[in-house]
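What you see is a predicted model, and the numbers here were worked out from it, not measured in a lab. Along the sequence shown, residues are numbered consecutively beginning with 1.
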Amino acid sequence: MTHSDWDRQRQPLVLQRVEKEAAPSWRSSASRRLKKHCSCTSEKAKSKILGFVPILKWLPRYRLREWLLGDAMSGLIVGILLVPQSIAYSLLASQDPIYGLYTSFFTSIIYAIFGTSRHISAGVFGVLCLLVGQVVDRELALAGYLTESDGDGGGWSNGSAALLAGLGNGSVAAVGCDKSCYAITVGATVTFTAGVYQVLMGIFQVGFVSVYLSNSLLGGFATGASLTIFTSQIKYLLGLKIPRPQGWFVLFKTWYSVLGNLGNTNICDLVTSLVCLLVLIPVKEINKRFKAKLKAPIPFELFVVVIATLASHFGRFNTDYGSDVSGDIPTGFMPPQLPMWSLIPNVAVDAFSIAIVGFAITISLSEMFAKKHGYTVDANQEMYAIGLCNIVPAFFRCFTSSAALTKTLVKESTGCQTQVSGLVSALVLLLVLLLIAPLFYSLQKCVLAVIILVNLRGALEKFLDIPAMWRLNRVDASIWLITMATSALVNTELGLLVGVLVSALSVLGRTQQARVLELGLAPAGEHYEDLSSYRGLRTHPDVAVFRYDAPIYYANQSMFKKSLYKCVGLDPVKEKAQLVKFKKKRNKQQQQEAAAAAGIPDVKPEGDGKEEEGGASVTLMPDQKARRLRSLVVDGSAILFLDTAGVTALKEVRKDYAEFGIRVVLAQCNTSVLDSLERGGYYPDKDGEEDRILFFTIADAVHYVQSLSATNGDCDAK
């Protein structure tokens, strides 16, 4: 069949590329951007304000009769749950209990105003509290505050009274600013810095970074941090007064200290802890098992806190048995205080990792529940919201907050409809702050530790899912395990960094593990598929079709060529090298024969030549399939992009095979790849357009090269 016959029998798909406009100059582009962002109209100003303060948009459309009951119910229940949890999580952040209540109160209000998710509950979150507590204990140690007799970095004192007396200048040197005062100053400074990071990320529109934090990464990090939290609470269960270790391998250091001080266990705290565990674990299971039948979860934690406080008060556990209690919890609000500016350089790196974790958790939860309930959230606005939830409360002695999964699930399951639920929770906390807080004076710290441990069950149960994760996807399971192990065993912040790096390397590794596949033609139609995956596919005698399921770029271009050469059965680079070697050998033999004919004594070459000649003869005999090939068609449908190295690799493949009389053509390439080929000089500058033909289907490419082979065969016959 001649070329003209192919043209008559098969009409190829002809498309005309759209001529792209020249890119505007940087001056005109900058001018247009400035005009777009700096121009101000009434409509634009209104849109910006409503976008930045979403409550102004949805509150006027609030359906009072339909939504108020659900919002009030969920807000009330979450507010009740927040009381014991806010007090308990203050332990993790090394703060007095009042500051946990402050944090949950201010965060609930601010997120309701600026947040776009209707369902998430913003407030104290265990992992962030742990990260803040580690920074606080480190700074307390550097400032010399951990030389006190109790040796407990999380110890509380009556520093709140000093703060109420007006020590709001953030200076450690202020008279009366004790360990508690300095601890919340450090915590508020970390919180302020993290909030600034989050707002800056919103300003620079980097909300898209959330897609790089995979579920396996966040899950492994949360579970690893939960192990650290679990370990940090053991000393409270036993009533031990040991400092929180600093640096790396905290988990091992903590267990070493706990085991070394078992003889100092407070029996009263131990018995109280065991009783509370025996009560809370079964009732939590009841809540979990019957959550579908219960309109709202029963607040057993609050019941335990009330009963334990009464028992501690009337049993005089603090004075008679030396049990550690919460102490004075003042009512009302303290005057605002500026962060300690001189501390910001010390905590800037820690605050950045805290900001990333808080943002990632908030975005993940908000998007998950928005998808479930059929609405959308703005990732950048969520950055603003959670950033303001940290910046503003930092002036009121709060520590870092974010969305929390457990309370969000409770909020959703109890009928939450809008952010009004968060305002109702804030009212519950306000009532506690103004009237009820001092009643928790006798509440034992071991009870708070039990509440923390019971709330870690969900994260720790993830270990049971490891076999299923491994069967589902080994790469994701490996990311989870590595992130978890690093977070728990080495360092919490390092675990997040390692998880990000491992995730990035796994993506890189997947592109390098891609292999070239040979395709065959389906019995019916013109569809080509992988020969190793499907039966009944047939190949062409003189044309082979291959596909590469990855982009071709600097990191894998060498692997692409090796895989293609192996799949074809002919490595042109090695063949050329062996041909050169063989020609040298043959020339040397001819010289020896000529010398012998002329009567010149024979000069034996280096080596016996046997292995060399035999190696050449074997190497120059590629498999029979490769010897019959006259054309290669590379399916580019799975090649997402090419860089300079990728274009060079394709040029080298085409050139190397051309020297053996094998034509290489590309089919089904996307426009991005075609543009890269054009810019990279893949197409030779010739008068004819034969080498620039674009094939939009594999069948077109195969028919075309077959027609060329037939034409060349006819010419050879003549």
So do [Y] and [X] actually touch side chain to side chain, heavy atoms under 4.5 Å?
| X | Y | answer |
| --- | --- | --- |
| Pro393 | Ile110 | yes |
| Tyr99 | Pro97 | no |
| Ile120 | Lys407 | no |
| Leu238 | Asp269 | no |
| Ser326 | Leu448 | yes |
| Leu237 | Leu270 | no |
| Ser442 | Asn318 | no |
| Phe105 | Val432 | no |

Q: Mind running side chain to side chain contact (heavy atoms under 4.5 Å, CB included) on Ile80 and Glu301 for me, showing each step along the way?
A: CA-CA 9 Å; Ile80 292 172; Glu301 291 176 349; over 6 Å; no
List the atom pairs, donor and acceptor, that lie under 3.5 Å between side-chain atoms in residues 343-351 and the rest of the protein, sequence neighbours left out.
unit_1: Asp350; atom_1: OD1; unit_2: Arg138; atom_2: NH1; d: 3.2
unit_1: Asp350; atom_1: OD2; unit_2: Arg138; atom_2: NH1; d: 3.0
unit_1: Asp350; atom_1: OD2; unit_2: Arg138; atom_2: NH2; d: 2.9

Q | Summary of ring-ring contact (aromatic ring centres under 6.0 Å, His included) pairs that have at least one residue in residues 260-285, sequence neighbours excluded | A |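 Of all non-adjacent pairs touching residues 260-285, none passes ring-ring contact (aromatic ring centres under 6.0 Å, His included).
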Out of curiosity, [X] [atom1] to [Y] [atom2], how far, rounded to the nearest 0.5 Å?
| X | Y | atom1 | atom2 | result |
| --- | --- | --- | --- | --- |
| Leu82 | Ser121 | CG | OG | 5.5 Å |
| Ser273 | Leu280 | OG | CG | 11.0 Å |
| Glu461 | Ser226 | CD | OG | 11.5 Å |
| Leu227 | Ser232 | CG | OG | 11.0 Å |
| Leu130 | Gln233 | CG | CD | 9.0 Å |
| Asn261 | Tyr256 | CG | OH | 10.0 Å |

Got a sec: does the [atom1] of [X] have more than 12 other heavy atoms crowding it under 6.0 Å?
| X | atom1 | result |
| --- | --- | --- |
| Lys253 | NZ | yes |
| Asn215 | CG | no |
| Phe463 | CZ | yes |
| Phe300 | CZ | yes |

Got a donor-acceptor contact below 3.5 angstrom from the [X] side chain to the [Y] backbone?
| X | Y | answer |
| --- | --- | --- |
| Thr223 | Met484 | no |
| Asp96 | Ile98 | no |
| Glu139 | Val186 | no |
| Ser312 | Ala308 | no |
| Tyr384 | Gly202 | yes |
| Lys235 | Ser257 | no |
| Thr362 | Ala403 | yes |
| Ser425 | Gly75 | yes |

Q) According to the interplanar angle, ranging from 0 to 90°, do the rings of Tyr197 and Phe352 count as parallel (below 30°), tilted (30 to 60°) or perpendicular (above 60°)? A)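 Perpendicular, since the angle between the ring planes exceeds 60°.
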Q.
Angle between ring planes, Phe249 versus Phe252, binned at 30° and 60°: parallel, tilted or perpendicular?
A.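 Geometry flag for Phe252 against Phe249: tilted rings.
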Measure across [X] and [Y] and return the closest heavy-atom pair with its distance rounded to 0.1 Å.
| X | Y | answer |
| --- | --- | --- |
| Ser487 | Gly495 | OG-CA, 3.3 Å |
| Ser323 | Gln444 | OG-NE2, 2.8 Å |
| Gly387 | Gln198 | CA-OE1, 3.4 Å |
| Val124 | Gly100 | CG1-O, 4.1 Å |
| Ser401 | Asn390 | N-OD1, 3.0 Å |
| Leu128 | Ile354 | CD2-O, 3.7 Å |

Q) Ser86 and Ser104: side chain to side chain donor-acceptor pair (under 3.5 Å), yes or no, with the steps? A) CA-CA 7 Å; Ser86 298; Ser104 295; 2.6 Å; yes
Acceptor/donor pairs from residues 470-482 side chains to any protein atom, 3.5 angstrom cut, sequence neighbours excluded:
unit_1: Asn473; atom_1: OD1; unit_2: Val475; atom_2: N; d: 3.0
unit_1: Asn473; atom_1: OD1; unit_2: Asp476; atom_2: N; d: 3.0
unit_1: Ser478; atom_1: OG; unit_2: Arg474; atom_2: O; d: 2.7

Q: Please step through side chain to side chain contact (heavy atoms under 4.5 Å, CB included) for the pair Val305 and Leu443, ending with a clear verdict.
A: CA-CA 7 Å; Val305 165; Leu443 177 61; 3.9 Å; yes
Q: Take Ile234 and Trp255 through the test side chain to side chain contact (heavy atoms under 4.5 Å, CB included) and record every step on the way to the result.
A: CA-CA 9 Å; Ile234 297 298; Trp255 279 108; 3.9 Å; yes
Do [X] and [Y] have side-chain atoms, one donor and one acceptor, less than 3.5 Å apart?
| X | Y | result |
| --- | --- | --- |
| Gln95 | Ser90 | no |
| Glu382 | Tyr111 | yes |
| Thr191 | Thr400 | yes |

Q) What's the verdict on ring pair (Phe, Tyr, Trp, His ring centres under 6.0 Å) for Phe192 and Phe399, showing C-alpha distance, side-chain angles and the deciding distance? A) CA-CA 9 Å; Phe192 174 82; Phe399 47 86; over 10 Å; no
Q: Apply side chain to side chain contact (heavy atoms under 4.5 Å, CB included) to Val454 and Leu277, showing your working.
A: CA-CA 8 Å; Val454 170; Leu277 283 171; 4.3 Å; yes
Q | For Val196, the option from Val199, Thr193, Leu200 that meets side-chain contact (heavy atoms from CB on, under 4.5 Å) | A |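 Filter result, single survivor: Leu200.
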**Q.** Tyr102/Phe396 under ring pair (Phe, Tyr, Trp, His ring centres under 6.0 Å): CA gap, chis, key distance, verdict
**A.** CA-CA 8 Å; Tyr102 284 165; Phe396 295 91; 8.4 Å; no
